[in-house]
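Contents: one structure, followed by commentary.
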Amino acid sequence: MMLTRDDCAALDSQDALAACRDEFQLPDGVIYLDGNSLGALPKRSVDVLSRTVEDEWGNGLIRSWGAADWFTLPERLGDRVGRLIGAAPGQTIVCDGTSINIYKALRAAMALRPDRKVIVSEKGSFPTDLYVCEGAMTSQEGASRRLLGVDSDSLEDLIDEQVSVVLLSNVDYRTGKLLDMEKITKLAHDAGALIIWDLCHSAGVVPMELDAIKADFAVGCTYKYLNGGPGSPAYIYVAERHHDAAHQPLSGWWGHADPFAFNHEFVPTKGIKRFLVGTQSALALRGVDAALEFFDRVDLRAIRGKSQSLCDTFIELVEQHPVLRGLEVVSPRDPDERGSQVSLYFENGYPVVKAMIEQGVIGDFREPGIMRFGLAPYYLRYVDLFDAVEVMADCFERKVWTEKKYSERETVT
Ligand SMILES: *Cc1c(COP(=O)(O)O)cnc(C)c1O
C-alpha cells in the first residue's frame, strides 16, 4: 500500500505534538530538514532576545550581571539541560563551545588516569572531536590514540587497561546510528577507563540517563536540536563523583573560588563551576534560556516517539517512490538504533541537495555522497515529508547533477 499525502495529513491530525509547530518561526515555502545543523527560531526567542538587548543591556548596563542574573545563567541553564540528559542538578553547565568543552573534558579525564596513555575514539566521529583529541594528546608524553574503524571495528578490542579515556558520539552525525551508551560506558569502566559522550546530535530528541548509566563526562551543543541560536554556547556534564579531583586545563577567573577577590593565584571553585573559563555572552545564553523553555514543558518520550515515526515515514516515502530507487538508506532501520535523522546515499548527493534547497527543501550534505535529513519533531509535519520527497523525486527526474550550477560547492555545506 502506497502512503499518500492524505495518509500523511491524517497522521498530522492525530499528532499530539502538532501544536508545537506554532511556537517556531518558519519561513513560508520552506520545509526545514536541517534541525540537526541549526535549529529553527523559537518565536519566544525573538521577545526574550530583544528584551535582553533593549532592557537588560540598554537600561540595566553592567548592573544586569547581577540584577538580571546573567552571571548565574551558565549553571541555571546547565541544570535545565541536565534534565534532558538524565543529570541531577549541579553537574551540567552551559558555557563556551563544544570543541572547547571536549578539550576541557579530555584533559580533565586524562589527568584522572595519569598512568594510562591511550585514548580511544572513532574514525567516523565529527572531525572536531578528533582534532581536539590530537591537541589534547600533546599534553602527555607518549600519548597515543586507537580509532574505531581504523585499528579495529570492535570497541571490545580497543578498550583495555592502557586506555585512559574513551571519547564517542552517541549518535553518528553522518549515519544517525545510535550507540548503546550504557553498554559502552560499562565496557570502558570495566577496563578502568573513563568515558566522554558527545551528545551534539541527540540531546533534545533522544532521552538518556547519564547519571543512571554512570557516565563520567559529556558535552554537547545547544544550536542543533535544542534551537539555542547560531553558535549558541555548549554544555559540559561532569559526574559529581569527579568534581573534587577533576581539573580542566583552561583555568580562568570564572572558574575561580572567589572571582571578585582578584587574587593572583588560581584556586578552583567547588563543583561544576570549575569548568567555566571566562566571561560568557549573556546574549547567547539568553537564546538558550528562551529555547529551553519549550523543553521544560514537553515530554521527551513523546518527542522521541514522534521523531521515530517521522523517520520511519520518511524512509517509507523514499522507498516507495519509483523514481528514487537509486537511493540507499544509510541510517539504521531499527528506530531504536537511530537518532532523529535519515541519511541517504547517492553518489551525486551534493547537487541533489543543492537543487532541493533551491526549491525550499533544506537538508544538507556530508561526504561521501550522504544526503542528510535531520527531522526535528517539534515543527515538522508528516505532509512536509511527503512534499519533500516529491521535490527530491523531481530533482532525480531532472537529473540535476548534469547541470553545472548544482555541482559547484558552497563554502558551508
Ligand atoms: C556539531 C558538532 C560539533 C560542533 O562543535 P563546535 O565546537 O560547536 O563547532 C562537535 N561534535 C559533534 C559530534 C557535532 O555534531
Do other residues, nucleotides or ligands put more than 12 heavy atoms under 6.0 Å from the CD atom of Glu358? yes
Going by the ring-ring contact (aromatic ring centres under 6.0 Å, His included) test, which pairs reach into residues 186-224, not counting sequence neighbours? Phe217-His242
Under a 3.5 Å cutoff, is there a donor and acceptor pairing between the side chains of Asn101 and Tyr237? no
Who pairs with Glu293 by salt bridge (charged side-chain N to carboxylate O under 4.0 Å, His left out), at least two apart in sequence or on another chain? Arg44, Arg297
Any donor-acceptor pair under 3.5 Å linking the side-chain atoms of Arg372 with those of Ser37? yes
Any donor-acceptor N or O pair under 3.5 Å, side chains Tyr382, Ser309: yes
When every non-hydrogen atom of Pro259 is compared with those of Phe71, the smallest separation belongs to CG-CZ, 4.4 Å
ring-ring contact (aromatic ring centres under 6.0 Å, His included), paired with Phe373, selected from Phe314, Phe365, Tyr32: Phe314
For Arg301, does the CZ atom have more than 12 heavy-atom neighbours from other residues, nucleotides or ligands under 6.0 Å away? no
Taking only residues two or more places apart in sequence or in another chain, which ones pass salt bridge (charged side-chain N to carboxylate O under 4.0 Å, His left out) with Asp384? Arg21, Arg381
Not counting sequence neighbours, list each pair that qualifies as a salt bridge (Lys or Arg N to Asp or Glu O under 4.0 Å) and has a residue in residues 116-138. Glu134-Arg145
Exercise: do Gln280 and Trp254 side chains pair donor with acceptor under 3.5 Å: no
Atom NZ of residue position Lys273 - does it have more than 12 heavy atoms of other residues, nucleotides or ligands inside 6.0 Å? no
Who passes salt bridge (charged side-chain N to carboxylate O under 4.0 Å, His left out) against Asp28, sequence neighbours left out? none
Taking only residues two or more places apart in sequence, or in another chain, which ones meet Arg304 in a salt bridge (charged side-chain N to carboxylate O under 4.0 Å, His left out)? none
Lys43, NZ atom: more than 12 neighbouring heavy atoms under 6.0 Å: yes
Straight-line distance of Ser152 OG to Leu147 CG, nearest 0.5 Å: 11.0 Å
Do any N or O atoms from the side chain of Arg80 and from the backbone of Asp289 form a donor-acceptor pair under 3.5 angstrom? yes
Looking only at side-chain N and O atoms, does Thr222 offer a donor or acceptor that is under 3.5 Å from a partner on Ser232? yes
